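Since this is a predicted model, take the numbers as computed values, not measurements. Order of the sequence lines sets the chain letters (A, B, ...), proteins ahead of strands, with each chain counted from 1.
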Protein chains: 2
Amino acid sequence: MNFNSKTVSNVTSLSIRQIDYWDRTHFIKPSVSEATGYGSLRLYSFHDLIQLKFAKTLLDKGVSLQKIRKAVIYLKKNMPEIKKPLLELKFLTDGETIFVITENDKKIINTLKSGQLVFSIALGKIVEDLKGEVVSMQKDKTYSVTVRGRKYSVMLRVDTEDGGYWIESPSLPGCASQGDTIEEALEMIKDAIEGHLEVVDKKRKVKKAS
Amino acid sequence: MNFNSKTVSNVTSLSIRQIDYWDRTHFIKPSVSEATGYGSLRLYSFHDLIQLKFAKTLLDKGVSLQKIRKAVIYLKKNMPEIKKPLLELKFLTDGETIFVITENDKKIINTLKSGQLVFSIALGKIVEDLKGEVVSMQKDKTYSVTVRGRKYSVMLRVDTEDGGYWIESPSLPGCASQGDTIEEALEMIKDAIEGHLEVVDKKRKVKKAS
DNA sequence: GATTATAATTACATGGATGTAATTATAAAG
DNA sequence: CTTTATAATTACATCCATGTAATTATAATC
């Protein structure tokens, strides 16, 4: 699922101006679709959303934008696998460089003793919150697929658990699938419907034989 | 001992402009003598110097000035007794307020877990460094005091250990004292010289008697 | 195809922070 | 008392970041 500037602004509490400025200064650019002039759209991915929210969170904490730039560069390069439960990431800086430090309490205390700045970002929580926002805002999309010459209505939604898309056929209970892209999900649900129909055929044949 | 703007700039690595700006914006004002126009002098105390260096250190770490303002306000109000060995002070912020936290590792880790910004300032080291700077820059001042109708040359220097001034009479070994102000130190050294002379008198009387 | 909506773009402004340099009133030195 | 030195002050400029609003090319809708 992709997000335009307006949606990004709503979800991250950043102003449109900030989003624009950060794009123009090559800080955080929309990775799905860049602006190409009037009438075009900036489209951000979910990962972009995480970075934007991350930066906004640090800004609100009083970290300078220059420092945040470095933190986001690091985040882009070393984005850890986001998984449950909530993951906390801890960063430290000596004023020049930004490092992510391990979940090692002793190391954290030691770096503080050496006079450093440490800030903790609950990245897992950021991701969870963003997922919640995305889910609550999305409308299920209805598609129509044809299997064996007949049309079936299917519903597609963003899969916030595994990424990609979830798809199901409401008129055929239990008939569902998922795919990384919309096209793939549509193919997969066709296969699922096909399989469902085969089961129905078999049952009918058994009935006829008895 | 007091410090003018030029000295403050040298010792803290702040520009004259920054020192001026921070005074005019009521951030850190010279507590000994405020500017009153052309030809006047801003005079900062050692405590002021600590605050300025503290703020500069945070600025270099990438903390925003607005955040630093709050930290310095806190520092002014709750300046802990500076003592050896080097003291580390740890601050945390939730983005709105600044708190000093105890030397409690568990509490530090917990506040980090809750997504806060923590920065550690080795205030003791700042103080030590500033003391070193002050000592290396000062010239001993020579004064003349009169005791029992005779003049004695004494030397005065800033006492970086206890604050105030140290004073001694080079021509009378072991004859030294200290005071919180220059005047007080001069009175104290007079008393010390008086005492020294009394000991000398007693020795002479004992010699005569034998 | 015409009309409307929309997000990007452009433009100007503001505020905070700081750099650079000329001016000035006073203190220090001779 | 005159001359020189000095730090504060004034003034203008720059940079970064952001606010606000008008403009515009394109997409969406009818």
Side-chain angles (χ1 to χ4, degrees), chain A residues 2-45 48-49 51-52 55-72 95 137 139 141, chain B residues 2-45 48-49 52 55-73 95 137 139 141:
Chain A
N2 304 322
F3 311 88
N4 63 13
S5 294
K6 198 172 185 180
T7 302
V8 168
S9 174
N10 288 338
V11 164
T12 60
S13 306
L14 288 163
S15 71
I16 297 288
R17 192 66 177 87
Q18 278 174 306
I19 294 164
D20 178 59
Y21 180 67
W22 290 1
D23 181 2
R24 289 171 184 275
T25 52
H26 305 92
F27 173 24
I28 300 178
K29 300 185 84 64
S31 60
V32 177
S33 172
E34 290 194 24
T36 52
Y38 297 113
S40 69
L41 283 173
R42 288 190 172 97
L43 288 177
Y44 293 84
S45 69
D48 298 335
L49 222 50
Q51 288 167 29
L52 287 158
K56 168 69 171 162
T57 304
L58 287 179
L59 207 55
D60 289 346
K61 283 175 190 286
V63 181
S64 71
L65 201 57
Q66 264 147 350
K67 190 69 56 191
I68 295 170
R69 286 178 192 279
K70 289 174 171 171
V72 168
M137 109 182 67
K139 308 185 196 87
K141 286 166 183 164
Chain B
N2 304 322
F3 312 87
N4 63 13
S5 296
K6 196 172 187 179
T7 303
V8 168
S9 174
N10 289 338
V11 164
T12 60
S13 306
L14 289 164
S15 71
I16 297 287
R17 192 65 179 86
Q18 279 174 306
I19 293 165
D20 178 59
Y21 181 68
W22 289 2
D23 181 1
R24 288 171 185 276
T25 52
H26 305 93
F27 174 23
I28 302 180
K29 298 186 85 62
S31 60
V32 177
S33 171
E34 289 196 26
T36 53
Y38 297 113
S40 67
L41 284 174
R42 287 189 173 98
L43 288 176
Y44 294 84
S45 68
D48 298 335
L49 222 51
L52 287 158
K56 168 69 173 162
T57 305
L58 286 180
L59 207 54
D60 289 345
K61 282 175 188 284
V63 180
S64 72
L65 201 58
Q66 264 148 349
K67 190 70 57 189
I68 294 169
R69 285 179 192 276
K70 288 174 173 174
V72 168
I73 287 172
M137 109 181 66
K139 304 184 200 86
K141 284 168 185 163

Sub-3.5 Å donor-acceptor pair from the side chain of Asp48(B) to the main-chain atoms of Ser31(B), do we have one? yes
Would you say Tyr21(A) reaches dA17(D)'s phosphate, i.e. side-chain N/O to OP1/OP2 under 4.0 Å? yes
Specify the separation, in whole Å, of atom NZ of Lys6(B) and atom C1' of dT6(D). 8 Å
In whole Å, what is the span from the CG atom of Leu65(A) to the P atom of dG16(C)? 18 Å
If I take atom CD in residue Gln18(B) and atom C1' in nucleotide dT20(C), what distance separates them, rounded to the nearest angstrom? 14 Å
Verify whether one side chain among Ser64(A) and Ser64(B) offers a donor that lies under 3.5 Å from an acceptor in the other. no
Rounding to an integer number of Å, can you tell me how far Phe3(A) CZ sits from dT6(C) C1'? 20 Å
If you assign Arg17(A) and Tyr44(A) each to the DNA chain C nucleotide with the nearest heavy atom, which residue ends up on the more 5' nucleotide? Tyr44(A)
Under 3.5 Å between N/O atoms: give me all the protein pairs with nucleotides 22-30 of chain C, atom names plus distance.
{"residue": "dT26(C)", "atom": "O4'", "partner": "Tyr38(B)", "partner atom": "O", "Å": "3.3"}

Determine yes or no for a side-chain-to-main-chain donor-acceptor pair under 3.5 angstrom, with Thr12(A) supplying the side chain and Val8(A) the backbone. yes
Want to settle it: does Gln66(B) or Ile16(A) sit nearer the 5' end of DNA chain C, counting the closest nucleotide to each? Ile16(A)
All side chain to side chain contact (heavy atoms under 4.5 Å, CB included) counterparts of Thr57(B), not counting sequence neighbours: Lys53(B), Lys61(B), Ile121(B), Ile126(B)
Whole-Å gap separating C1' (dA7(D)) and CG (Asn10(B)): 14 Å
Quick test of your reading: applying ring pair (Phe, Tyr, Trp, His ring centres under 6.0 Å), list the pairs with at least one residue in residues 26-45 of chain A, sequence neighbours left out, ordered by first then second residue. Trp22(A)-Phe27(A)
Using a 4.5 Å cut-off on heavy atoms from C-beta on, say whether the side chain of Lys67(A) contacts that of Val63(B). no
Rounded to the nearest angstrom, tell me the gap between atom CG in Leu59(A) and atom P in dC16(D). 16 Å
Side chains of Lys56(B) and Leu52(B) in contact at under 4.5 Å (non-hydrogen atoms): no
Under the side-chain contact (heavy atoms from CB on, under 4.5 Å) test against Phe3(A), which residue among Val11(A), Leu49(A), Val32(A) passes? Leu49(A)
N/O-N/O pairs, protein side and nucleotides 28-30 of chain D side, under 3.5 Å:
none

Which residue pairs pass the salt bridge (charged side-chain N to carboxylate O under 4.0 Å, His left out) test with at least one member in residues 34-45 of chain A, sequence neighbours excluded? Asp20(A)-Arg42(A), Asp23(A)-Arg42(A)
Looking only at side-chain N and O atoms, does Ser15(B) come under 4.0 Å of OP1 or OP2 in dG19(C)? yes
Side chains of Thr7(B) and Asn10(B): donor-acceptor distance under 3.5 Å anywhere? no
Neighbours of DNA chain D within residues 22-30 of chain B, by heavy-atom distance under 4.0 Å: Arg24(B)
Given dT9(D), is OP1 or OP2 found less than 4.0 Å from the side-chain N or O atoms of Arg42(B)? yes
Without decimals, in angstroms, what is the distance between Leu14(B) CG and dA17(C) P? 14 Å
What is the distance, to the nearest angstrom, from the CG atom on Asp20(B) to the P atom on dA11(D)? 14 Å
Using side-chain heavy atoms (C-beta onward) and a distance below 4.5 Å, is Ser9(A) in contact with Ile19(A)? yes
Does Ser5(B) reach the side chain of Ile16(B), with side-chain heavy atoms less than 4.5 Å apart? yes
